[in-house]
Amino acid sequence: MPKGYEPQEVEKKWYKYWEESGLFRAQAPSPDKPYCIVIPPPNVTGSLHMGHALNNTLQDILCRYKRMQGYNVLWQPGTDHAGIATQNVVERDLASKGLTRHQVGRDKFIELVWEWKEKYGGVILNQLKRLGCSCDWSRERFTMDEGLSRAVREVFVRLYEEGLIYRGDYIINWCPRCRTALADLEVEHEEMDSHLFYIRYPFQDREGSLTVATTRPETLLGDTAVAVNPEDKRYADLEGAKVILPILNRPLPVIRDRYVDKAFGTGALKITPAHDINDFEIGNTHHLERIRVIGEDGRMNEFAGPYNGMDRFECRERILDDLKKAGLLEKIEPYRNAVGHCYRCKNMIEPLLSKQWFVKVAPLAEKAVRAVKEGQTRILPRNWELVYDEWMNNIKDWCISRQIWWGHRIPAWYCETCGEVLVAKEDPEICDKCGSKNPVQENDVLDTWFSSALWPFSTLGWPDATEELKTFYPTTAMVTGFDILFFWVARMMMMGIHFMKDVPFRDVYIHALVRDAQGKKMSKSKGNVIDPLQVMGRFGTDAFRFTLAALAAQGRDIKLAEDKIEGYRHFVNKIWNSARLVLMNLNENEKPEEIELSLADRWVLSRLHQVCGEVTNALDEYRFNDGAGICYQFFWHEFCDWYLEMSKGGLYSSDPSIRRTTTAVLLKALKTVLKLLHPFMPFVTEEIWQRLPETEESIMVTQFPEASDLPCDEPALREMNVIMGAVTGIRNIRGEMNIPPAKKLDVLIDSPAAADRAVLENHLAYIRSLAGVESVRVDSSIPKPEASATAVFGPNQVHVVLKGLIDFEEEKKRIKKEIKKVEKDYEISTNKLSNPQFMEKAPEEIVESVKEKMESMRQQLEKLKRNLIFFDSLH
RNA sequence: GGGCGGAUAGCUCAGCGGGAGAGCAUCGGCCUUACAAGCCGGGGGUCGCAGGUUCAAAUCCUGUUCCGCCUACCA
């Protein structure tokens, strides 16, 4: 067995073995309890980043844990077709050959995207395998698969028939770069320094002008009114008045609408119904004309008069110039406002009047809110339920049509003869209404999130009534980041409830974001990304996974730095070496006969009993950091530091039956702790497992340890406490007196209670080996030797004989320090007990525990002080 | 504008009503035959600030400051 753990080969070997042995496969139907997680499908264009790594590590921990508990686990994998992103990639590819998608044509372009997908679409899935993900790859799905496309059509048609999908003219968010409409969610608002321009609109039939304030002067070309608040006394005489639109010299009515804020700007608002959502609504109530002056390419159009063909930003500058020349620009104020940008390409969004398809979400959202309120789905940590509620209750209709080619083409046809709109699951040959043979399909495709919203049931075979649906829906848990709570989780809730009549998952676990060491978001442009693949290459996958789990505290982002991963690599290596110790001492094949367990054996099994319970609780509650922390603490500082060290006596014993007993318990304990660690660290645990005797199967399919399988030996825990107290006390003295470990010590243990004395006397070997002691005597009331240092543990004290080694002043200092420490605590307890209100109001057990604590501190202080007096009397 | 989260040891963070914790870093002693990627020991904090509730507050409440995030149609 190599001295250090070498992850690379091991990882490849076992992953291949697990996959080929079908250990990731789920059964449908199955008599076992189901456990199902559908993966948040990564984009086909994606490659593994830290967010994926964390997200999938957590899912894999849950799946491996549940699988070991005997559940029929389905971790459903797949990828998302990622409409705009994928189209962009292939378009860039074309551009490098000097081509545009329009030149190759729609059908050919889609063919090219498919080719690209076949070639590169599996990259991220292979990277997930590298992470150790135990997905059932035989069930891999893609949102553009035949089956999932059928689900999309079914949903679209049914929602349309139910009146929940409609088509209409509204203000939508238009990205002039991507040349498509976007949903409100896909717009990122960013605070920017801009200006508030005060522009004079001269009155038509009187002197003077009305000044309006705007941040977007170029839209004035599309103004069809100016609005004031009906209660604004300044403008009370403007009833029926008209103003002249600058530059285009169009007369505009002055209208009154309560929407206008009297206090903002001049209290007069220019109304551009075709380019602003509020103006659009005001325009509706006042039946105003809608004039679109900016085209889909972001340039001014023919309604923009002299600015026709000009870019929207250039147009702004020119209009300001022209207004200034005409004396119509009153003033400019600096102003900060939030401006929408495309989440894909970061270009400025143009609110535009356009005919699009929408989902009427309010009725769907209502049920989705209720499902969470009633606890059919829990969102964890709970505070995200508030966020979810807030968003769902203020939800607006969802614009689902996109003017791109890659995606699910909307199943709507327009009859070229009579104009009828046909929405159908099967492509219609003839028009239902007029019978003509030329229905033409809608060009637009659906928002990618439309198909993602169906993912929890479409991947399981819906709309067919499959065994998978019966077995695994509703799924158990959804693990995801909060950044797609609205985009995805909320929409899955709505669709799941509507079409499956039940929520898509019982738990939604929202995890943190992975940031860099300074807490900044990782991004390519900042150059602060840590590449998970590189990390895995350098430190091993297990160290990486364990780091993520250990840092994944609920409600706080993860600040990741390489030195942390390095730290956990040391842990992996520690595990490796503990296994080496055990394996190097396994030269006897015989089974142990009648086993008499040592204290160390009894203790470690009892501690394992407790630890199993704690880890189980932690994982059941998605407290990954606690689970990892408990394993780390126990394995390193109890299993290795104490148990392995104590076992050495038995391992090197000349009595073969003691050796056999020791190795048997060592093996049992090691196997148990490996199983506990396996969900976190699948590779190293499997590698060690397979090297241990009597492990034919993979550790993956063994039973996760249960507390009830292990003894809880309270006396062992208590007795061990006494031994640890003695050893720690002696080590303390050694450390503080700077006595080298090679120097063997003589100690006298003064132990008043017979029970403790018996424990100590029966386990002198432990004290000898762990504390480096030569001779040791245990008795009641042993007088303190002249040259000695003393440590107090519980009611006992240990005198370390230090002939010629002791520095009396040093020892006095040490004792004084100790006295001070205890006295501080003692005082706090005294104060409590002398407080009548505490005695009266505090619960009985608290009062008791304070009394007990005080009594033990009193004994401790007494001894410490006696020791101090002893040294003083020497002079 | 509304909402959420954070502020605890030099750093990164647990703890969230009854004795201030971990990892890393630091200091001292050790190549003790699984591991120097290690072992043993030490030092280090009026738990952001100000009030309040309570017998008892890092923990609950109110206010406040500074960070971070989400959300929103005041042009």
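In what follows, chains are A, B, ... by sequence order, proteins preceding strands, each numbered from 1.
- The shortest distance between the side-chain N/O atoms of Tyr388(A) and the OP1/OP2 oxygens of C70(B) is not below 4.0 Å.
- Only the C1' atoms considered, G2(B) is 14 Å distant from C73(B), to the nearest whole Å.
- Residues Met50(A) and Ile530(A) form a side-chain contact, since some pair of their non-hydrogen atoms from C-beta on lies under 4.5 Å apart.
- Ranking C69(B), A72(B), G5(B) by closeness to the Phe482(A) side chain, first place goes to C69(B).
- Between the P atom of A37(B) and the CZ atom of Phe544(A) lies a distance of 23 Å, rounded to the nearest Å.
- Relative orientation of the Tyr568(A) and Phe571(A) rings is perpendicular, given thresholds of 30° and 60° on the angle between their planes.
- Rounded to whole Å, the separation between the C1' atoms of G45(B) and A22(B) comes to 14 Å.
- At distances below 3.5 Å, at least one donor-acceptor pair connects side-chain atoms of Glu811(A) with backbone N or O atoms of Thr790(A).
- Between C73(B) and Lys396(A), a contact under 4.0 Å exists linking OP1 or OP2 to a side-chain N or O.
- Scanning residues 262-276 of chain A for heavy-atom distances under 4.0 Å to RNA chain B yields Phe264(A), Gly267(A), Leu269(A).
- Between Asn394(A) atom CG and G3(B) atom C1' the separation is 11 Å, expressed in whole Å.
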| message | Across nucleotides 38-44 of chain B, 5' to 3', mark each nucleotide with B, S or - according to how protein heavy atoms within less than 4.0 Å reach it. | response | SSSSSS-
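- Looking at heavy-atom distances under 4.0 Å, Ala553(A) makes contact with sugar-phosphate atoms alone, never a base.
- With sequence neighbours excluded, the residues that form a side-chain contact (heavy atoms from CB on, under 4.5 Å) with Thr215(A) are Leu196(A), Tyr335(A), Asn337(A).
- Remark: Asp557(A) pairs with Arg515(A) by the side-chain hydrogen bond (donor to acceptor under 3.5 Å, both in side chains) rule, at least two apart or across chains.
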Name each donor-acceptor pair under 3.5 Å that joins a side chain in residues 845-853 of chain A to protein atoms two or more places apart or in another chain, with its distance.
from, atom 1, to, atom 2, distance (Å)
Ser849(A), OG, Ile846(A), O, 3.0

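- Not counting sequence neighbours, the partners of Tyr170(A) by the ring pair (Phe, Tyr, Trp, His ring centres under 6.0 Å) test are Phe358(A).
- When the C1' atom is compared between C16(B) and C47(B), the two are found 11 Å apart, to the nearest whole Å.
- Within residues 842-850 of chain A, the residues having any heavy atom closer than 4.0 Å to RNA chain B are, in order of number, Ala842(A), Pro843(A), Ile846(A).
- Annotation: G5(B) and G21(B) have their P atoms spaced 28 Å apart (nearest Å).
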| field | Trace of the salt bridge (charged side-chain N to carboxylate O under 4.0 Å, His left out) decision for Lys813(A) with Glu736(A) | value | CA-CA 11 Å; Lys813(A) 239 196 267 173; Glu736(A) 291 196 43; over 6 Å; no
| Where each pair must be Watson-Crick or G-U wobble with both distances under 3.5 Å, what dot-bracket representation of RNA chain B is obtained, with crossing pairs in [ ] and other-strand partners as |? | (((((((..((((....[..)))).(((((.......))))).....(((((..]....))))))))))))....
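- At a threshold of 4.0 angstrom between heavy atoms, the contacts of Leu196(A) with the nucleic acid are absent.
- If you take atom P in G38(B) and the same atom in G43(B), they sit 22 Å apart, rounded to whole Å.
- Projected onto RNA chain B by closest heavy-atom contact, Phe838(A) and Glu390(A) fall at different nucleotides, the more 5' of which corresponds to Glu390(A).
- At least one donor-acceptor pair closer than 3.5 Å links the side chain of Arg491(A) to the backbone N or O of Phe487(A).
- Evaluation of the side-chain contact (heavy atoms from CB on, under 4.5 Å) rule for Val727(A) yields Trp642(A), Ile723(A), Arg731(A), Ile767(A), Leu770(A), Ala771(A) as partners, not counting sequence neighbours.
- Using a 4.0 Å heavy-atom criterion, one finds that Tyr652(A) contacts the sugar-phosphate atoms exclusively.
- Side-chain atoms of Tyr259(A) stay outside donor-acceptor range of the base of C74(B), with no qualifying N/O pair under 3.5 Å.
- Side-chain contact check for Ile172(A) versus Leu182(A): every heavy-atom pair is 4.5 Å or farther apart.
- Side chain of Asn573(A), nearest nucleotide from G29(B), A37(B), U71(B): A37(B).
- Atom CZ in Arg569(A) sits roughly 14 Å away from atom P in C24(B) (whole-Å rounding).
- When side chains are defined from C-beta on, Val212(A) does not count as touching Leu220(A), because their heavy atoms never get closer than 4.5 Å.
- Looking at residues two or more places apart in sequence or on another chain, you find no side-chain contact (heavy atoms from CB on, under 4.5 Å) involving Pro334(A).
- With rounding to whole Å, Glu621(A) atom CD is found 11 Å from C16(B) atom P.
- The distance between atom CD1 of Ile277(A) and atom P of C74(B), rounded to the nearest whole Å, is 12 Å.
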Would you be so kind as to tabulate the donor-acceptor pairs closer than 3.5 Å made by side chains of residues 267-276 of chain A, with sequence neighbours excluded?
from, atom 1, to, atom 2, distance (Å)
Lys270(A), NZ, Thr219(A), OG1, 2.7
Lys270(A), NZ, Asp223(A), OD1, 2.9
Lys270(A), NZ, Thr272(A), OG1, 2.9
Thr272(A), OG1, Asp223(A), OD1, 2.7
His275(A), ND1, Pro351(A), O, 3.2
His275(A), NE2, Val293(A), N, 3.0
His275(A), NE2, Ile294(A), N, 3.3
Asp276(A), OD1, Asn278(A), N, 2.8
Asp276(A), OD1, Asp279(A), N, 3.1

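- Checked against ring pair (Phe, Tyr, Trp, His ring centres under 6.0 Å), His195(A) has the following partners two or more places apart in sequence or in another chain: Phe197(A).
- Regarding Asp626(A), its CG atom lies at a distance of 18 Å from the P atom of G21(B), rounded to whole Å.
- Nearest-nucleotide positions on RNA chain B for Leu551(A) and Ile828(A) put Leu551(A) closer to the 5' end.
- Nucleic acid contact class of Asp261(A) (heavy atoms, under 4.0 Å, all strands): base.
- Going from the C1' atom of A58(B) to that of A20(B) covers 8 Å, rounded to whole Å.
- Rounded to whole Å, the distance from CG on Leu745(A) to C1' on G29(B) is 13 Å.
- One interatomic measurement links the two molecules: NE2 of His189(A) to P of G2(B), which rounds to 18 Å at whole-angstrom precision.
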